[in-house]
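As the structure is a prediction and not an experimental result, all values here were calculated from the model. Excluded from the calculations below are hydrogen atoms, water molecules and symmetry mates; all remaining heavy atoms, backbone and side chain alike, are included.
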Amino acid sequence: MTLPAHGTERFDLWAPKAQHVTLLAGGQRYPMGPASGDGWWTAPEAPASGEVDYGYLLDGDTTPLPDPRSRRQPDGVHSLSRTFDAGAHEWADGAWQGRGLQGGVIYELHVGTFTPEGTLDAAAGKLSYLADLGVDFVELLPVNGFNGTHNWGYDGVLWYTVHEGYGGPAAYQRFVDAAHAAGLGVIQDVVYNHLGPSGNYLPRFGPYLKSGEGNTWGDSVNLDGPGSDVVRDYILANAAMWLRDYHVDGLRLDAVHAFKDERAVHLLEDFGALADAVAAETGRPATMIAESDLNNPRLLYPRDVNGYGLAGQWSDDFHHAVHVNVSGETTGYYSDFDSLAALAKVLVDGFFHDGSYSSFRERHHGRPINPSLVHPAALVVCSQNHDQIGNRATGDRLSQSLGYGPLALAAVATLTSPFTPMLFMGEEYGATTPWQFFTSHPEPELGKATAEGRIEEFERMGWDPAVVPDPQDPATFTRSKLDWAEAQAGDHARVLELYRNLIALRRATPELAGLGFEDTAVAFSEADRWLRLRRGNVEVAMNFSAESRQIAVGGGSLLLATEDGVALAAGQVELPGHSAAVVSK
């Protein structure tokens, strides 16, 4: 696919609303003139090279605005932009061939809380640990520019930047180079469905948003109205930037169900086409993964059968089924998943709600996956992730309330599933540090509104407001940083060893990750709380009861057990309470 012809000059700007535009670059003013008749402006006398701080003065304004395509914001999202030459980096990953999703394991992390330093360079120092763990991809929560010092990343307003507090764009290139040297692919979480509440100047330049047509976070991005051709190009060029300039291996597309796009060719289909084009250009897979709560397999179907052609999508149903069966929590959207039958259905069909009634939504939801068009690896699944932990009132992890046995069951269910497993940072050693919702809005009124809104949200859900952390309190951010000393001792070290063994077993056992939907079979007993998953010649027996259980298997050898007391004999495996075993015929 082709990207826009305009905007190729260094300081070109799309500002169809403006009558006059002046470029402020290197302390000098340069009048801009129309580059064409469709709202593009250019400054032919502007500096052609060198690092320059710059911004734009619209219609006589005296305060310059940052570039919507800014690559650097060294002084924050309200200040001047700075040029960045992405081509200056000397890449060392020429031997990196990339990899697809099938057979892979993803590790999701937030740069600011993954290490004490909270930088990309510090995160690069932990890549050998992740390689030793056995994961295949590192997925970074959003890194683009936001106002303040720390944030989850979903309040970004300048999509082309890398947050300076993380090290900026040069540090990002170093991180990707280091990841590829360690044998790890990089997936970048990107947000194209909304913008943050502070520093969003896009409406000053043009119709980037559709006023009055909002989603959960505010006005919708203009994907199908007047002027939307350039807005879509703005988004697709940004996606191409990550894949080309930063050598990223894939993108996680945040909350695509919030896209409002009535065009015949949906933006998601454009993403699928872009991934194919970049893969053909670079010779490496370019993986597009959608976060979607629609349970719509069309996202995964090939474009030649009217699908969108994405490589993957998240499956919340899997998370909910595992969470309920290891924790016993059944409130809110968990209520439909209060059975082993729910977990069994997800393991066999991919979705639980595939046209069934959703009590949380009070309507029917989803549609079945056509197994002839989709491999199970296209579903990215987890027992914990940033949303499912962080959107709880206190940001508590499973490991803060469950012991080794239930945590081991969650790990086995996820890492032996037919799907693509994803871990959330610290999960692999049973971290007890919470992952809480934190912000650092410098504007007092915005900080106050954010904190009050968080409290009101959970009060409506029945939580005690006193237990909800203040997102603006710096301690909320500090509490959410991983404590790496935990990984070395006691059950933490035991959980970590289990994760390493499970990932190694998954890699060494083709049946676990390579077979299709048709090669999956499940048996279970609701009364006795056990479930058996069969994938080809491999069987995974899981005992969700606190009591010992005997489960019929096909015999053979014991590949892995979560407890020492697991015994295999005469076609049966005996499992202590809250334990699991993997058996090969």
Side-chain angles (χ1 to χ4, degrees), residues 318 321-328 337-350 352 376 381 383 398 402-419 421 430 491 494-495 497-585:
F318 180 92
V322 171
H323 182 95
V324 169
N325 279 288
V326 299
S327 73
F337 298 86
D338 186 17
S339 65
L340 278 176
L343 179 56
K345 186 176 192 302
V346 171
L347 287 168
V348 171
D349 297 332
F352 177 74
V381 302
S383 64
L398 287 176
L402 301 181
Y404 169 81
L407 293 178
L409 279 169
V412 169
T414 304
L415 285 163
T416 65
S417 76
F419 315 117
D491 276 351
R494 189 181 178 198
V495 171
E497 186 64 18
L498 174 63
Y499 270 84
R500 284 180 175 141
N501 290 338
L502 279 166
I503 295 171
L505 178 64
R506 183 178 182 86
R507 180 170 291 163
T509 311
E511 290 96 330
L512 290 177
L515 300 178
F517 280 105
E518 67 279 4
D519 297 302
T520 302
V522 174
F524 64 94
S525 169
E526 205 74 70
D528 292 332
R529 300 286 296 152
W530 61 261
L531 182 146
R532 185 189 66 225
L533 166 68
R534 178 177 291 135
R535 295 276 289 161
N537 290 320
V538 176
E539 293 179 303
V540 183
M542 291 174 271
N543 178 14
F544 292 87
S545 165
E547 307 297 325
S548 178
R549 295 285 185 256
Q550 286 190 336
I551 304 173
V553 292
S557 59
L558 188 63
L559 299 180
L560 180 143
T562 62
E563 296 280 359
D564 292 338
V566 172
L568 176 63
Q572 288 192 323
V573 61
E574 182 164 348
L575 295 176
H578 296 134
S579 70
V582 182
V583 177
S584 176
K585 291 183 181 179

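Counting only distance, with no hydrogens or angles, the side chain of Asn543 and the backbone of Pro576 share a donor-acceptor pair below 3.5 Å. Under the 3.5 Å distance criterion, the side-chain polar atoms of Arg506 are left unmatched by any main-chain donor or acceptor of Ala513. No side-chain donor-acceptor contact under 3.5 Å links Gln550 to the backbone of Gln572. Judged by distance alone, the side chain of Ser584 and the main-chain N or O of Ser557 form no donor-acceptor pair under 3.5 Å. Side chain of Asn325 to main chain of Asp338: no donor-acceptor pair is present (N/O by atom type, distance under 3.5 Å, no hydrogens or angles).
In this structure, Trp530 and Ile551 approach most closely via the heavy-atom pair CB-CD1, 3.5 Å. When all heavy atoms of Gly536 and Leu515 are compared, the pair lying nearest together is N-CD1, 3.5 Å. Glu526 and Ala341 get closest at one heavy-atom pair: OE1-N, 3.2 Å. The nearest pair of heavy atoms linking Pro421 to Leu415 is CB-CD2, 3.7 Å. Closest heavy-atom contact between Lys585 and Arg534: NZ-NE, 3.9 Å. Of all non-hydrogen atoms in Leu558 and Ala581, the two that sit nearest each other are CD1-CB, 3.8 Å.
Put simply, CD on Glu563 and CD on Glu574 are 12.5 Å apart, with the number rounded to the nearest 0.5 Å. A distance of 8.5 Å separates CZ of Arg529 from OG of Ser339, quoted to the nearest 0.5 Å.
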* To do: Could you check Leu343 against Phe524 for side chain to side chain contact (heavy atoms under 4.5 Å, CB included), going step by step and ending with a plain yes or no?
  => CA-CA 10 Å; Leu343 179 56; Phe524 64 94; over 6 Å; no
* Asked: What do the steps show when you test Phe419 against Thr414 for side chain to side chain contact (heavy atoms under 4.5 Å, CB included), and what is the final call?
  -> CA-CA 8 Å; Phe419 315 117; Thr414 304; over 6 Å; no
* Asked: Taking it one step at a time, do Ser545 and Asp528 satisfy side chain to side chain contact (heavy atoms under 4.5 Å, CB included)?
  -> CA-CA 7 Å; Ser545 165; Asp528 292 332; over 6 Å; no
* Derivation of the side chain to side chain contact (heavy atoms under 4.5 Å, CB included) call for Leu398 and His323 -> CA-CA 8 Å; Leu398 287 176; His323 182 95; 3.6 Å; yes
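Looking at residues two or more places apart in sequence or on another chain, you find a side chain to side chain donor-acceptor pair (under 3.5 Å) between Thr520 and Arg535. Under the ring pair (Phe, Tyr, Trp, His ring centres under 6.0 Å) criterion, Phe337 pairs with His320, Phe352, His353, sequence neighbours left out. By the side-chain contact (heavy atoms from CB on, under 4.5 Å) test, Thr509 pairs with Leu505, Glu511, Leu512, Val538, sequence neighbours left out.
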